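Here is how names work: the chains are called A, B, and so on, in the same order as the sequence lines, proteins then strands, and each is numbered from 1. Not measured: the values here are computed from a predicted model.
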There are 2 protein chains.
Amino acid sequence: MGRSGEARDRETAGRGTAQDGGELELQQYFPYRLARLAEQVSLAVAEVYSERFALTRQEWRVLAILGVRPEIATKEIGPLTTLDKMQVSRAVQGLESRGIASRKHHAGDRRELIVALTPAGRALYRKIVPFALAREAELLGVLTAEEAKVLDRVMHKLSAALS
Amino acid sequence: MGRSGEARDRETAGRGTAQDGGELELQQYFPYRLARLAEQVSLAVAEVYSERFALTRQEWRVLAILGVRPEIATKEIGPLTTLDKMQVSRAVQGLESRGIASRKHHAGDRRELIVALTPAGRALYRKIVPFALAREAELLGVLTAEEAKVLDRVMHKLSAALS
DNA sequence: CGAAATTGGTATCAGATGTTACTATTTTCT
DNA sequence: AGAAAATAGTAACATCTGATACCAATTTCG
């Protein structure tokens with residue numbers, strides 16, 4: 001199961017994160033701690049797009065994609081945002097209903113829908129992004145450069161181990 | 001906002017995690033990556049308690065607490081599990097309805113409910129915990145001891161910065 | 001070609017979740 | 001003491017989310 005090549009002794013993942021005998025201390029349990037942290041972070045970021053701009057988490061993700069890819073087939077959005085097709089459908093509808101995005105059928109294949117930001121949507125995007133980036137910077141700012149580097153690597157490793 | 005004392009240069013949290021100009025690349029955006037990872041981990045762990053033992057995430061958390069604190073007022077459960085009082089109420093009801101936990105009114109204050117595991121509940125707990133711990137060990141096993149240590153510290157730092 | 005299978009997207013319904021308001025009990029304060 | 005406020009827990013409703021089935025357009029293949 002995806003062992004990394006590095007040299008590791010017996011104690012390995014032990015100190016500070018893993019558990020001992022047959023007891024499970026929820027507060028120390030890594031999956032719980034991670035879920036909790038992610039929720040905190042998610043909430044902090046949601047202040048930006050939800051409270052200030054009334055977007056759902058899914059809409060925000062789609063918007064983030066549209067900001068970079070000015071025109072995209074909705075079927076491509078799912079993989080990029082980790083949303084299933086129903087969530088994408090709803091998010092895009094939500095954006096459209098508020099004049100943020102527009103949909104049109106693909107000429108070649110009329111099943112597909114192509115989404116793009118409206119001018120208003122683009123303006124919204126440009127307004128939100130700085131706040132979102134600021135939040136991220138604020139957060140990562142509490143870490144040293146070294147810690148940030150390790151964190152990045154660790155997240156990649158864990159993610160890879162799970163796929 | 002909670003600057004750590006370490007010496008850090010301009011690049012700081014940059015390399016590998018943070019963003020540049022006014023563009024936001026969702027795939028690289030830390031809050032998104034974290035949410036995604038947490039979801040993956042959560043799913044992997046849910047296999048243990050959900051698929052194998054038909055518990056919801058909330059019930060699992062309450063069970064984990066009850067395994068350590070054999071008798072506890074439900075009002076204490078919320079803070080320990082990061083669930084709101086309604087979630088606790090439902091989770092405990094769920095556990096009770098399946099003979100895993102039992103409730104009784106506190107003698108001194110008859111508003112409070114005291115929850116405890118039934119013998120069947122305790123047996124279930126003992127059956128699940130090893131699997132849950134194994135999952136955790138498997139995951140953390142892909143990290144070096146050093147990485148695990150940094151990860152632990154980083155999670156504490158981030159969590160603290162957000163509270 | 002044309003029936004069958006596939007694909008993109010959505011309607012629809014069921015179950016989960018969040019919110020508000022309410023009951024019961026206890027505490028506080030005059 | 002006893003009215004008012006606070007606390008623990010839940011009912012009830014509204015909303016969100018997930019799963020299934022479905023429609024329309026396209027592709028595959030006999």
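Side-chain atoms of A:Leu139 and B:Leu162, non-hydrogen and from C-beta on, do get closer than 4.5 Å to each other.
Judged by distance alone, with hydrogens and angles left aside, the side-chain atoms of B:Thr118 form a donor-acceptor pair with the main-chain N or O of B:Gly99 at under 3.5 Å. Side-chain N or O atoms of A:Ser159 include none that pairs as donor or acceptor with a backbone N or O of A:His156 at under 3.5 Å.
Listed nucleotides C:dT26, D:dT26, D:dT10 differ in distance to B:Arg111; the shortest reach to its side chain belongs to C:dT26.
Nucleotide C:dG15 holds its P atom 21 Å from the CZ atom of B:Arg57, rounded to whole Å. Going from atom CD1 of B:Ile72 over to atom C1' of D:dG9 covers 16 Å, rounded to whole Å. Across the protein-nucleic acid pair, B:His105 atom NE2 and D:dG9 atom P stand 9 Å apart, rounded to whole Å. Distance A:Ile77 CD1 to C:dT10 P: 10 Å, rounded to the nearest Å. Atom pair A:Lys75:NZ and C:dT10:P shows a separation of 14 Å (rounding to whole Å applied).
Looking at heavy-atom distances under 4.0 Å, B:Arg103 makes contact with sugar-phosphate atoms alone, never a base. Contact annotation for A:Gly78: no contact, since no heavy-atom pair falls under 4.0 Å across all strands.
Within the structure, a side-chain polar atom (N or O) of A:Thr74 is placed less than 4.0 Å from OP1 or OP2 of C:dG9. B:Ser89 has no side-chain polar atom (N or O) that falls below the 4.0 Å cut-off from OP1 or OP2 of D:dG9. Look at B:Arg110 and you'll find a side-chain N or O under 4.0 angstrom from OP1 or OP2 of C:dT25.
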Distances for protein N/O vs nucleotides 17-23 of chain D N/O pairs under 3.5 angstrom?
unit_1	atom_1	unit_2	atom_2	d
D:dG18	OP2	A:Gln87	NE2	3.2
D:dG18	N7	A:Arg90	NH1	3.2
D:dG18	O6	A:Arg90	NH2	2.8

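Using a 4.0 Å cut-off between charged side-chain N and carboxylate O, B:Lys104 and B:Glu71 make a salt bridge.
Screening residues 43-52 of chain A for side chain to side chain donor-acceptor pair (under 3.5 Å), with sequence neighbours left out, gives A:Glu47-A:Arg135.
Between B:Ile65 and the choices B:Leu83, B:Ile72, B:Val115, B:Val88, the side-chain contact (heavy atoms from CB on, under 4.5 Å) rule is met once, by B:Ile72.
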